[in-house]
Amino acid sequence: MRRGLTGCLLLMLVLVSLCSLADEPATLVIANRTVHQSALPLETLRAIFAMRQRTLPDGQAVHVYVLPDDNPVHEDFSKKVLGVYPHQLRLAWDRAVFSGTGQAPNEVDDETEMLEAIVSTPGSIGYIQQSSLNDQVRVLDIE
């Protein structure tokens, strides 16, 4: 009897976890249609968004767009896709700017501006929620 109850509770916990994951909006990495890659390795993506890598794997110059640090989509992208906290990205960008060795990414106010910037800038890369996706940008898979 006890074993059946334990199994039932475990099953309920799994179902609740799966339901909560399904409710979370998916954050997608997007790029301008001129970007030839359909996928990028996670380490390359991390280097690009940390502003340590200024070109795509095929040599094309990359233009990085991000949302403000306190934007929930930025927080989701930073934590779940890149595996870092938004403040860690900001520290890396600030360090590069202040030392004169690099620059910060281009910041846009919201997902609408993100899409406009990505669509109009060859070689650009950014991120949005899946619900904001349109057919004017390329979605990049993460390897």
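This one's a predicted model, so the numbers in the text were calculated from it and none came from an experiment. Computed over heavy atoms, backbone and side chain alike; hydrogens, waters and symmetry mates excluded.
Across every non-hydrogen atom of Ile128 and Met114, the tightest pair is CG2-CG, 3.8 Å. Taking every heavy atom of both residues into account, Val35 and Gln60 meet most closely at CA-OE1, 3.7 Å. Closest heavy-atom contact between Ser99 and Ala96: OG-O, 3.2 Å. Taking all atoms of both residues into account, the shortest heavy-atom contact from Leu89 to Phe49 is CD2-O, 3.8 Å. Closest heavy-atom contact between Thr101 and Arg54: O-NH2, 3.0 Å. What you find for Glu111 and Ser132 is that their closest heavy atoms are OE2-OG, 3.3 Å.
Of the inter-residue distances, the one linking Asp70 atom CG with Glu75 atom CD reads 7.0 Å to the nearest 0.5 angstrom. Rounding to the nearest 0.5 angstrom, the gap separating the CD1 atom in Ile118 from the OH atom in Tyr127 is 10.0 Å. Here the OG-CD distance, from Ser120 to Gln136, works out to 10.0 Å after rounding to the nearest 0.5 Å. Considering CG of Leu45 and CD of Glu43, their distance stands at 9.5 Å, rounded to 0.5 Å. With rounding to the nearest 0.5 Å, the separation of CG in Asp110 from OG1 in Thr112 is 4.5 Å. Within the model, atoms OG1 of Thr55 and CD1 of Ile48 stand 7.5 Å from one another, a figure rounded to the nearest 0.5 Å.
Using a 4.5 Å cut-off between side-chain heavy atoms of Ile, Leu, Val, Met, Phe, Trp and Tyr, with links allowed through other members, Leu42 and Leu40 fall into the same hydrophobic cluster. When the side chains of ILVMFWY residues are joined at heavy-atom separations under 4.5 Å, either directly or via intervening members, Val66 and Val139 end up in a single hydrophobic cluster. Criterion: ILVMFWY side-chain heavy atoms under 4.5 Å apart, direct or through other members. Under it, Ile30 and Val119 are part of a common hydrophobic cluster.
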| said: Using side-chain contact (heavy atoms from CB on, under 4.5 Å), reason through Leu67 and Val108 one step at a time and then give a plain yes or no. | reply: CA-CA 5 Å; Leu67 294 167; Val108 294; 3.9 Å; yes
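Classified by interplanar angle (parallel below 30°, tilted 30° to 60°, perpendicular above 60°), the ring pair Trp93/His74 is tilted.
Taking 4.5 Å as the limit, some side-chain heavy atom of Leu56 sits within range of a side-chain heavy atom of Gln37.
Of the residues Val81, Leu28, Thr44, Leu82, the one that meets the side-chain contact (heavy atoms from CB on, under 4.5 Å) test with Ile142 is Val81.
Side chain of Ser124 to main chain of His63: no donor-acceptor pair is present (N/O by atom type, distance under 3.5 Å, no hydrogens or angles).
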